[in-house]
Amino acid sequence: MQEFTIERLGPGDEDRLREIRLHALADAPTAFASTHDKEVAYPRDKWAERLADPDSAWFVAADAGLVCARQEHEGEVHLLSMWVAPRARGTGLAGRLVDEVVAWSKAREAHEIGLWAVDDNLDARALYARKGFLPSGEVMALPSHPELMESRYVLSLVFRTARADDLPAIVALITDDAIAAGPAPARTARSTWPPSRTSRPTPTTSSSSPS
């Protein structure tokens, strides 16, 4: 089994980021809020801007995996742009990418990590459940494909007493089963990249397999 080394991209890695991000968007178009047609037209400066953002971190595993962590509010990190190439699925790479985001978030003293996953993406949801993410109850249409619904999941980085609604994630951690969240109210807006300066706010294993 091939071993993938995960590294954080930095200034000067714009071409690498562009290549793997466009590959992800082409491979899993229903996994992300953005589209390949939109981002393929971005100038080089746009990719450099993403890497220069002090409140975000982009992690890659060669050309086989990608994830971004972005701190959008004090103590809150958004996991997005999650993708793993078909050949690397089932190798544990997706879980390792999530672990990189968790480590980065803890280093910044964040208290929670949030993400969006398409409801039909059972593999992604199972991964996030194993990692301890719980459904927040927020649901909305995927901006790039409004016919699909996605739900928000949150991982608390602060110890708290277990609640009854933690049970599905606890069972998933034990059994590795994907357990569907119950129905939740609709939500109409989410964040996309780049974020608006006036508003807040995806994995394939992309954030359709484990955005």
Side-chain angles (χ1 to χ4, degrees), residues 9 14 16-51 53 55-60 63-70 72 76-86 88-89 94 97-98 101 113-128 133 135-154 178 180-181 183-211:
L9 296 181
E14 299 92 291
R16 293 181 64 192
L17 176 59
R18 181 181 188 274
E19 180 179 6
I20 193 169
R21 172 64 172 171
L22 293 180
H23 190 178
L25 291 168
D27 174 69
T30 59
F32 303 104
S34 188
T35 66
H36 183 277
D37 287 348
K38 177 181 178 181
E39 298 201 14
V40 74
Y42 284 171
R44 199 167 191 274
D45 288 350
K46 177 71 72 173
W47 302 98
E49 179 183 333
R50 289 181 168 184
L51 292 174
D53 182 358
D55 291 321
S56 69
W58 292 83
F59 299 96
V60 299
D63 61 348
L66 171 70
V67 71
C68 176
R70 187 172 76 227
E72 298 178 331
E76 299 178 13
V77 170
H78 186 191
L79 184 157
L80 68 162
S81 300
M82 176 76 170
W83 175 77
V84 169
R89 292 168 195 163
L97 288 168
V98 173
V101 173
I113 302 171
L115 62 87
W116 290 87
V118 175
D119 292 349
D120 288 346
N121 190 343
L122 301 183
D123 288 343
R125 292 169 55 199
L127 166 68
Y128 297 136
F133 285 82
S136 71
E138 299 168 271
V139 179
M140 70 175 187
L142 181 66
S144 62
H145 293 79
E147 71 278 10
L148 300 176
M149 299 303 295
E150 60 178 354
S151 300
R152 186 171 184 264
Y153 297 84
V154 176
R187 180 184 172 98
T188 58
R190 68 168 288 169
S191 65
T192 57
W193 191 281
S196 165
R197 298 304 181 188
T198 60
S199 64
R200 76 166 295 279
T202 219
T204 64
T205 293
S206 84
S207 202
S208 244
S209 51
S211 226

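In this text the structure is predicted, and so the values were computed from the model without any measurement.
Contact annotation: the side chain of Ser144 never approaches that of His36 to less than 4.5 Å [non-hydrogen atoms, C-beta and beyond]. Looking at heavy atoms from C-beta onward, Glu39 lies in side-chain contact with Leu25 at the 4.5 angstrom threshold. Using a 4.5 Å heavy-atom threshold, the side chains of Trp116 and Leu142 count as separate. A heavy-atom distance below 4.5 Å is not found between the side chains of Glu72 and Leu80. Taking 4.5 Å as the limit, every side-chain heavy atom of Val67 sits out of range of all side-chain heavy atoms of Val84.
In this structure, Arg50 forms a cation-pi arrangement with Trp47, its terminal cationic atom sitting closer than 6.0 Å to the ring centre and no more than 45° off the ring axis.
Looking at Arg21 and Ser81, their side chains do bring a donor and an acceptor atom within 3.5 Å of each other. Side chains of Tyr153 and Arg125: a donor-acceptor N/O pair is present below 3.5 angstrom, by distance only.
Taking CG of Asp123 as the start and CZ of Arg89 as the end, the distance is 8.5 Å to the nearest 0.5 Å. One finds the OH atom of Tyr42 at 11.5 Å from the CZ atom of Arg18 (value rounded to the nearest 0.5 Å). To the nearest 0.5 angstrom, Phe133 atom CZ is 5.0 Å from Leu115 atom CG. With values rounded to the nearest 0.5 angstrom, Phe59 atom CZ is found 12.0 Å from Met82 atom CE. In this structure, CG on Leu17 lies 5.0 Å from CG on Leu51, to the nearest 0.5 angstrom. Here CG of Leu97 is found 9.5 Å from CG of Leu127. Values are rounded to the nearest 0.5 Å.
Applying the salt bridge (charged side-chain N to carboxylate O under 4.0 Å, His left out) rule to Asp63 yields the partners Arg87; only residues at least two apart in sequence or on another chain are considered.
Side-chain N or O atoms of Ser136 include one that pairs as donor or acceptor with a backbone N or O of Arg152 at under 3.5 Å.
Pro86 approaches Asp27 most closely through the heavy-atom pair CG-OD1, 3.7 Å.
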